[in-house]
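Labels below follow one simple rule: chain letters A, B, ... track the order of the sequence lines, proteins then strands, and each chain is numbered from 1.
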There are 2 protein chains.
Amino acid sequence: MDIGEAAKRSNLPASTIRYYEEIGLIKSIGRCGIKRVFASDIVQRLAFISLGRAAGLSLDEIKQMLLHGNMQVNRDLLLSKADEIEAQINQLTLMRDSLRHAANCPAADHFECPKFLKLLKLATGRWNKSRR
Amino acid sequence: MDIGEAAKRSNLPASTIRYYEEIGLIKSIGRCGIKRVFASDIVQRLAFISLGRAAGLSLDEIKQMLLHGNMQVNRDLLLSKADEIEAQINQLTLMRDSLRHAANCPAADHFECPKFLKLLKLATGRWNKSRR
DNA sequence: CCTTGACTTAAAGTTGACTTGAAGTTGTAG
DNA sequence: CTACAACTTCAAGTCAACTTTAAGTCAAGG
């Protein structure tokens, strides 16, 4: 598969794929002339990267997960990442609720609404633990 | 309240608070000599900003929400942001599940494990809608 | 009066994740 | 043969969100 095909299937620009290869996040299996050739599972790998990015992971973090293909070494890493993500889910849930409340609350200024402030306080209590 | 106090209470560096004021995200209520003076509710506002950031919103998006203190105008904005955040929660949930699965699955290479791939596929289906 | 420490400004620097540009190389179609 | 599209490299540019630096202001304490 050439880079254009990979780009189409992964819905990522070719430049991004080249960049990912440059920083060692993915590999091509060789060259056909001057062109890179990718294995067909590159699509899944790119999907994993995109998912990770969408979940707020850095490319470095994703790299850690992809490096040890066997994943014996970094089971703990995976689990701790999962926990971090769960913490972020809680964060987001609070934000979502705050926004929905703000949209429905008749208060003139939300920073005077006790419910809104309570949500905020709840939120602020949490993020010292899981701050990036 | 001076900027040092605000920094302490919000757990943000003074430089960040100055920056937020510079871009119009917050306001000081005046000066005492050359020093900024903030109202005491600045702490809540900064908490809201931090929460928004932790939830992945840009400063611009947060600004939109803070601009219209009354929030009559942008009830829809709030709700649509809430929906976006909910979409991201679903994203993150998938990522969390993928990671937990990967940590527990005995497969040598996770890109050959059908469950893992299924999670990936589920994830990839979603993110075209809510991509940043 | 002088120092200290917390503040001030404006401008430049940093980081991560890409994107863009310029210049060159292929393989296929007309 | 030539044109063209799709690839290549390498360097430089971009963006958000800060941080750092340099140079200055000010009130309080010794």
Side-chain angles (χ1 to χ4, degrees), chain A residues 1-39 42 45-66 81 84 88 91 95 127 131-132, chain B residues 1-39 42 45-66 81 84 88 91 95 127 131-132:
Chain A
M1 187 187 318
D2 72 3
I3 204 174
E5 187 67 15
K8 225 172 277 178
R9 298 213 206 188
S10 65
N11 205 29
L12 288 171
S15 63
T16 301
I17 298 178
R18 267 182 229 112
Y19 172 68
Y20 284 171
E21 195 195 9
E22 188 184 327
I23 63 172
L25 206 48
I26 56 173
K27 287 185 181 179
S28 54
I29 52 182
R31 296 283 175 131
C32 169
I34 199 183
K35 296 183 181 182
R36 285 168 184 79
V37 177
F38 292 101
I42 194 68
R45 286 170 191 275
L46 289 171
F48 180 77
I49 295 171
S50 292
L51 177 56
R53 296 286 301 120
L57 305 188
S58 71
L59 294 182
D60 259 16
E61 289 173 315
I62 296 169
K63 197 171 170 181
Q64 291 307 308
M65 297 177 186
L66 291 176
K81 274 302 154 203
E84 252 181 55
Q88 215 203 333
Q91 255 333 266
M95 189 75 194
W127 51 225
R131 193 66 186 238
R132 309 191 171 287
Chain B
M1 189 186 319
D2 71 3
I3 205 175
E5 187 67 14
K8 227 171 275 177
R9 298 212 206 188
S10 65
N11 205 28
L12 288 171
S15 62
T16 300
I17 298 179
R18 267 182 229 111
Y19 172 68
Y20 284 171
E21 195 194 9
E22 188 185 327
I23 63 173
L25 205 49
I26 55 173
K27 286 185 182 179
S28 54
I29 52 182
R31 295 284 175 130
C32 170
I34 200 183
K35 296 182 180 181
R36 286 169 182 79
V37 177
F38 292 101
I42 195 68
R45 285 172 192 273
L46 289 171
F48 179 77
I49 296 171
S50 292
L51 177 56
R53 295 287 299 122
L57 304 188
S58 72
L59 294 182
D60 259 15
E61 290 173 315
I62 295 169
K63 196 171 171 182
Q64 291 306 308
M65 296 177 187
L66 291 175
K81 273 303 153 203
E84 251 180 56
Q88 215 203 333
Q91 241 355 247
M95 188 75 194
W127 51 226
R131 193 68 187 236
R132 307 191 170 287

Closest to side chain of B:Arg31, choosing from D:dA17, D:dT8, C:dT8: C:dT8

Atom-to-atom span, CD1 of B:Ile62 to C1' of D:dC18 - whole angstrom: 14 Å

Validation row: A:Ile17, A:Arg36 side chains within 4.5 angstrom (heavy atoms): no

Rounded interatomic separation in angstrom, taking CG from B:Leu59 and P from D:dT19: 11 Å

Interatomic distance where CZ belongs to A:Phe38 and C1' belongs to D:dT8 [whole Å]: 12 Å

Side-chain N or O of A:Arg36 closer than 4.0 Å to phosphate OP1/OP2 of D:dT8: yes

Verdict with reasoning, A:Glu84 to A:Lys81, per salt bridge (Lys or Arg N to Asp or Glu O under 4.0 Å): CA-CA 5 Å; A:Glu84 252 181 55; A:Lys81 274 302 154 203; 3.1 Å; yes

Residues touching DNA chain D, which here means a heavy atom under 4.0 Å, drawn from residues 13-26 of chain B: B:Pro13, B:Ser15, B:Thr16, B:Tyr19, B:Tyr20

Closest contact, heavy atoms only, B:Ala6 versus B:Phe38: CB-CD1, 4.4 Å

Most 5' of B:Ile3 and A:Cys32 on DNA chain C, judged by nearest nucleotide: B:Ile3

Backbone N/O of A:Ile23 and side chain of A:Lys63: donor-acceptor pair under 3.5 Å: yes

Integer-rounded Å distance: D:dT19 P and B:Leu12 CG: 9 Å

Selected nucleotide, minimal atom distance to A:Asp2 side chain, candidates D:dA17, D:dA6, C:dT8: D:dA6

Within-4.5 Å side-chain heavy-atom neighbours: B:Leu66 and B:Ile49: yes

Within-4.5 Å side-chain heavy-atom neighbours: B:Leu59 and B:Tyr19: yes

5'-most by nearest nucleotide on DNA chain C - A:Ile34 or B:Gly4: B:Gly4

